[in-house]
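First up is the structure itself, then whatever we jot down about it.
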2 protein chains.
Amino acid sequence: MRYVTIKDIADALGISKSSVSRALAGDMRNVSPSTIERVRAKALEMGYRRNMTAVNLRAKANKIIGIIVPEITTPFSMEFVTTVQEAVQPLGYRVLIAVSSEDPSRERQNLDMFENGRVDGLLVSVTHNVANRDHFENLVKSNFPIVFFDRTIRDLQCSSVCSNDGLMSFFLVEHLIRSGRRRIVNLAGPSYIENSRARSQGYREALEKFHIPLDRRLIVSGGMSVEDGAVAVERLLDGGIDFDAIYCFTETQALGAKRTLQERNLIIPQDVAICTMSGTSLSSFVYPQITAVEQNVVEMARIAVRLLLEKIDIPSAPRQNITLHSSMIVRGSTSAEESSSL
Amino acid sequence: MRYVTIKDIADALGISKSSVSRALAGDMRNVSPSTIERVRAKALEMGYRRNMTAVNLRAKANKIIGIIVPEITTPFSMEFVTTVQEAVQPLGYRVLIAVSSEDPSRERQNLDMFENGRVDGLLVSVTHNVANRDHFENLVKSNFPIVFFDRTIRDLQCSSVCSNDGLMSFFLVEHLIRSGRRRIVNLAGPSYIENSRARSQGYREALEKFHIPLDRRLIVSGGMSVEDGAVAVERLLDGGIDFDAIYCFTETQALGAKRTLQERNLIIPQDVAICTMSGTSLSSFVYPQITAVEQNVVEMARIAVRLLLEKIDIPSAPRQNITLHSSMIVRGSTSAEESSSL
DNA sequence: ATGAAAGCGCTAACAA
DNA sequence: TTGTTAGCGCTTTCAT
């Protein structure tokens, strides 16, 4: 299992390492066409493969982009990662993925791992608003190329791209209200996620616009899992609290909510409508009963990559904070129409 | 953005590089406790991070495991990748993922990329039975550590781990028959996927066992997408071909099949039952109407990692071909019971 | 216990 | 056009 090196080829051909290197790099101006040919042939014959580790050590760049995501089970993360890969592959970059499992200490570990591994840039969606804030801040201050996406840290002087959670939330709740719902549950996420707060804010504003009084009992803060969604709805039903719609922070919560409703023989969406925001159009296939607003993941990923590559190229490049204002597509059962409100 | 090196620490402390290296490595026998302390403190102060690229170049190992999968949208791939990551992280390995998108030429590119990148080992699930066979064969012959999982290449002298597609298929179809189905559609995958053939074989054997004549019109070969599933069922319905169950090769086909049935106002599973094999227990949440057999992904991943690490350690280790005979769990709507038949 | 030096495989500045 | 040399950051043998 010993690899053929540039020196092996040089020795075999009785020329110098540098000529081989140049020939292999296709340096037309500094090496004769004949040696280029001879080297190429010999390399092929001997099964030479360029040792990227050595190249990287020398170039002080690893051509690796790291992605840190809180979870990787939703279509959102999946599609984001896939899009990034496709975007950077042609440029010779590879992509390393690390999952924080919604745990700040794991996030911290991943960060360390990536720094040790000398990734050239980092795309991160944070698990927690403040937990690793200082660490991220140091990284940013040292001019390390990093771009936040989707779940960002507030007021950090760093490039980011995210969707307008508040506004989308507002429109989705407005959509529910317009289709006749009045008692809308807000299954919020934990308050340490900025997006969750923004969405709850949008929820509140939509109610206000229609002069619907805010019933605190309809706001449930807590976990984001299937189980959390299921339990929350159970509690509401058992507590005799009346509601005709559930607006969930995550798709998984929505799944749990749906399960409980079905167990209690409630009809979706006649008795209770469920809605949430979703990563991809796939979800309308997968959860046909759940109304979902699609976020434009592909666009988000492309922009994130662009910002990151710029930063890698020119470390002094100014930060850019981009909020996606893509047209909103509402799919699902509370209404069949498509409203591109934004 | 210049990184602190071992030499920087040495200079700052007025000692040699080697002492710093030893101190950092915690070499108790060859360096005094006092310098260990001084070096450690200084390293922390200066924000030193070990340059893994240099370490790897010297060690001639990259501590990277590559995974090549045909797709990454199903829970199966996801869970496999996640499990592998968790398994190798403590051992200092990182995981690089490449997606072939069911395209042999992309698979080939990924393979090249990984070889150039000098991954220490490869976990691969192939897109095609034969397309890159020669290339894989060369790799195997050169004793490169590689383990195939789930979708393997027949008769390749290389370690592999997969589930018993034929047998699981047999039991699933048997399950359908026992619950009263007689005219079972087989939405097969393309014939260049070994697993698809094995499953169709299981399908045929189950029919034989119950003396149900094989109706060729019920066997549809083709693509694996949502659309393929939807179209196949449309064709059958339009062709006036009678059926009471659909056995799908992929979850996505099942999704498409479900869509068509619902569009035609057929009730699942009363009119037509849908079943398939699935990656994880998650699918029973997501597709409650679809009967699914769970494959033991986690076990598959763990075994694959074990085999690969053995091979990396001892390149001459003999190949092992493992077929998982885990207990089969049928979940879903054709029957609520749990049959652990294997 | 510490230091000097070599070398992992590669590229590039400089020399010829 | 080609060769020589140095060096990327690290570990390790061999001297001291």
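Chain A is the first sequence line, chain B the second, and so forth, proteins listed ahead of strands; every chain is numbered from 1.
- Shown here are the salt bridge (Lys or Arg N to Asp or Glu O under 4.0 Å) partners of A:R29, two or more places apart in sequence or in another chain: there are none.
- With sequence neighbours excluded, the residues that form a salt bridge (Lys or Arg N to Asp or Glu O under 4.0 Å) with B:E102 are B:R151.
- The aromatic ring centroids of B:F148 and B:F136 lie less than 6.0 Å from each other.
- Non-hydrogen atoms lying under 4.0 Å from DNA chain D are contributed by A:V31, A:S32, A:T35, all within residues 31-43 of chain A.
- In this structure, the side-chain hydrogen bond (donor to acceptor under 3.5 Å, both in side chains) partners of B:S32, at least two apart in sequence or on a different chain, are B:S34, B:T35.
- Under the salt bridge (Lys or Arg N to Asp or Glu O under 4.0 Å) criterion, the residue pairs touching residues 301-320 of chain A are A:R306-A:E310, with sequence neighbours excluded.
- Looking at residues two or more places apart in sequence or on another chain, you find no salt bridge (Lys or Arg N to Asp or Glu O under 4.0 Å) involving B:E86.
- Every residue meeting the salt bridge (Lys or Arg N to Asp or Glu O under 4.0 Å) condition with A:D112, not counting sequence neighbours, appears here in chain and number order: A:R108, B:R49.
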| query | For nucleotides 9-16 of chain D, read 5' to 3', which letter fits each nucleotide if B means a protein heavy atom sits under 4.0 Å from the base, S means only the sugar-phosphate is that close, and - means neither? | reply | BBBBB---
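- In this structure, A:D11 places its CG atom 12 Å from P of D:dG3, rounding to the nearest Å.
- The C1' atoms of five pairs define one axis at each end of the helix from C:dA1-D:dT16 to C:dA16-D:dT1, and these two axes lie 50° apart (to 10°).
- Within the structure, every pair that satisfies the salt bridge (Lys or Arg N to Asp or Glu O under 4.0 Å) test and touches residues 5-26 of chain B, not counting sequence neighbours, is listed here: B:R2-B:D8, B:K7-B:D11.
- Distance CG (A:D8) to C1' (C:dG7): 15 Å, rounded to an integer number of Å.
- Contact check, A:S19 against D:dG3: a side-chain N or O comes under 4.0 Å of OP1 or OP2.
- Applying the salt bridge (Lys or Arg N to Asp or Glu O under 4.0 Å) test to pairs two or more places apart or on separate chains, none has a residue in residues 50-76 of chain A.
- The stretch residues 94-130 of chain B participates, sequence neighbours left out, in these ring-ring contact (aromatic ring centres under 6.0 Å, His included) pairs: B:H128-B:Y192.
- Protein atom CD1 of B:I15 is 10 Å distant from nucleotide atom C1' of C:dG3, rounded to whole Å.
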